[in-house]
> 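Below is one structure. I have some questions about it.
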Amino acid sequence: MSAHTDRHENAVARYFEAWNARDPEALAKAVTAAWAADGRYTDPLADVRGHEQIAAVIAAAHARFPGFAFRLAGAVDGHHDTARFSWELVSEADGSAPVAGSDVITVDGQDRITAVLGFLDRVPAGA
C-alpha cells in the first residue's frame, strides 16, 4: 500500500508543480514532467489533450486569477492507477480560497498522468 501511496502523492505533487508554474518555459517543463504526451484534462470549463493544450488551460487560469496558487486540501487517496484529491485556489495576498475542487487522476506505468477528471466544488459568482 505504501508504494501506491507514494506513487499517487508524487504524481499529485508534479500536478501541483505544473498548476503553480507561471513562467511559460517552467510551465511547459512541469506539464511534460507531470502528464503523458497524450494526457487529457477535463473539467466543466475545459476538455483538452496533450502538453500544449494542458499548458494553455493552466496559463488561462493564472491569467484569470493572478496572484493565486493552487494547493492540496487534504490527503491524496489512491489505488491501482487512480487517485483522488481536493484542492483550493488560494490568494497569495490574503490567504482566501474562493475556488475549490476535487480531481481524479489516472497514471501510466511511468507515473505520468494520462487523464484528469476535475470537478469544481466552490466557484465565486461571475467567475
Side-chain angles (χ1 to χ4, degrees):
M1 180 122 162
S2 175
H4 281 294
T5 301
D6 291 346
R7 176 183 188 202
H8 299 121
E9 287 178 356
N10 290 338
V12 171
R14 287 191 308 275
Y15 176 83
F16 281 105
E17 286 174 19
W19 275 97
N20 286 317
R22 294 183 178 137
D23 171 76
E25 187 175 318
L27 174 56
K29 184 176 179 181
V31 167
T32 298
W35 267 271
D38 63 344
R40 184 174 181 185
Y41 177 85
T42 305
D43 72 13
L45 306 173
D47 185 7
V48 298
R49 185 178 296 274
H51 293 162
E52 286 184 21
Q53 291 182 1
I54 293 167
V57 166
I58 293 170
H62 284 289
R64 184 161 185 119
F65 293 97
F68 282 76
F70 290 88
R71 75 172 175 206
L72 184 64
V76 175
D77 181 25
H79 62 81
H80 297 86
D81 295 335
T82 305
R84 67 178 176 168
F85 56 93
S86 295
W87 53 266
E88 296 178 314
L89 184 59
V90 181
S91 168
E92 295 170 340
D94 65 13
S96 65
V99 182
S102 300
D103 291 353
V104 176
I105 65 170
T106 56
V107 295
D108 65 13
Q110 272 108 47
D111 298 339
R112 288 210 172 113
I113 298 168
T114 57
V116 176
L117 297 175
F119 298 86
L120 299 174
D121 301 328
R122 181 174 64 237
V123 179

> Side-chain contact test, heavy atoms from C-beta onward, threshold under 4.5 Å: evaluate it for V12 versus L72 and give yes or no.
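They are in contact (side-chain heavy atoms under 4.5 Å apart), so the answer is yes.
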> Would N10 and D111 count as a side chain to side chain contact (heavy atoms under 4.5 Å, CB included) if you check the C-alpha gap in whole Å, the side-chain angles of each, and the deciding distance to 0.1 Å?
CA-CA 8 Å; N10 290 338; D111 298 339; over 6 Å; no
> Return the minimal non-hydrogen interatomic distance between G101 and D121, and the atom names on each side.
C-OD2, 3.1 Å
> Do side-chain atoms of N20 reach the backbone of F70 as a donor and acceptor pair under 3.5 angstrom?
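A pair under 3.5 Å: yes.
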> Nearest 0.5 Å, please: how far is CD in E9 from CZ in R14?
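One finds 12.0 Å between CZ of R14 and CD of E9.
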> Side chains of D103 and F85: closer than 4.5 Å at any heavy-atom pair?
yes
> Can you hop from L45 to V123 via hydrophobic side chains spaced under 4.5 Å?
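The answer is yes; both residues are in one hydrophobic cluster.
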> Just wondering, do S96 and V90 contact through their side chains at under 4.5 Å, heavy atoms?
no
> Using the rule that two of Ile, Leu, Val, Met, Phe, Trp, Tyr join whenever any of their side-chain heavy atoms come within less than 4.5 Å, decide whether F119 and I54 are in one cluster.
no
> I need the minimum non-hydrogen distance between L27 and A55, along with the two atoms involved.
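Here L27 and A55 meet closest at CD2-O, 3.4 Å.
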> Could you check whether any side-chain heavy atom of I58 comes within less than 4.5 Å of a side-chain heavy atom of V31, counting everything from C-beta outward?
yes
> Under the criterion side-chain hydrogen bond (donor to acceptor under 3.5 Å, both in side chains), which of T106, D81, D38 is the partner of T114?
T106
> Whether the side chain of R122 engages the backbone of E88 through a donor-acceptor N/O pair (distance < 3.5 Å, no angle test) should be reported.
no
> With a cut-off of 6.0 Å (strictly less than), are more than 12 heavy atoms of other residues, nucleotides or ligands near CZ of R49?
yes
> Under 6.0 Å between ring centres, would you say that holds for W35 and Y15?
yes
> Does L117 share a hydrophobic cluster with I113, counting links as ILVMFWY side-chain heavy atoms below 4.5 Å and allowing steps through other members?
no
> Judged by modelled atom types alone, do T42 and R40 share a side-chain donor-acceptor pair under 3.5 Å?
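On atom types as modelled, these side chains qualify, holding a pair under 3.5 Å.
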> Could you report the tightest heavy-atom contact between A21 and A30, atom names first, then the distance?
CB-CB, 4.4 Å
> Would you call R22 and E92 a salt bridge, using N to O less than 4.0 angstrom?
yes
> Hey, what do you get for CG (D77) to NE2 (H8), rounding to the nearest 0.5 Å?
9.0 Å
> With distance as the sole criterion, is a donor-acceptor pair present between the side chains of D47 and Y41 under 3.5 Å?
no
> Donor-acceptor pair, distance only, cut-off 3.5 Å: does the side chain of H62 make one with the backbone of W19?
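Yes, because the side chain of H62 sits within donor-acceptor range (under 3.5 Å) of the backbone of W19.
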> Can you check whether H80's main-chain N or O pairs, donor with acceptor, with R7's side chain at less than 3.5 Å?
yes
> Which residues satisfy the ring-ring contact (aromatic ring centres under 6.0 Å, His included) test with F68, sequence neighbours excluded?
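Once residues adjacent in sequence are excluded, the partners of F68 under the ring-ring contact (aromatic ring centres under 6.0 Å, His included) criterion are F65.
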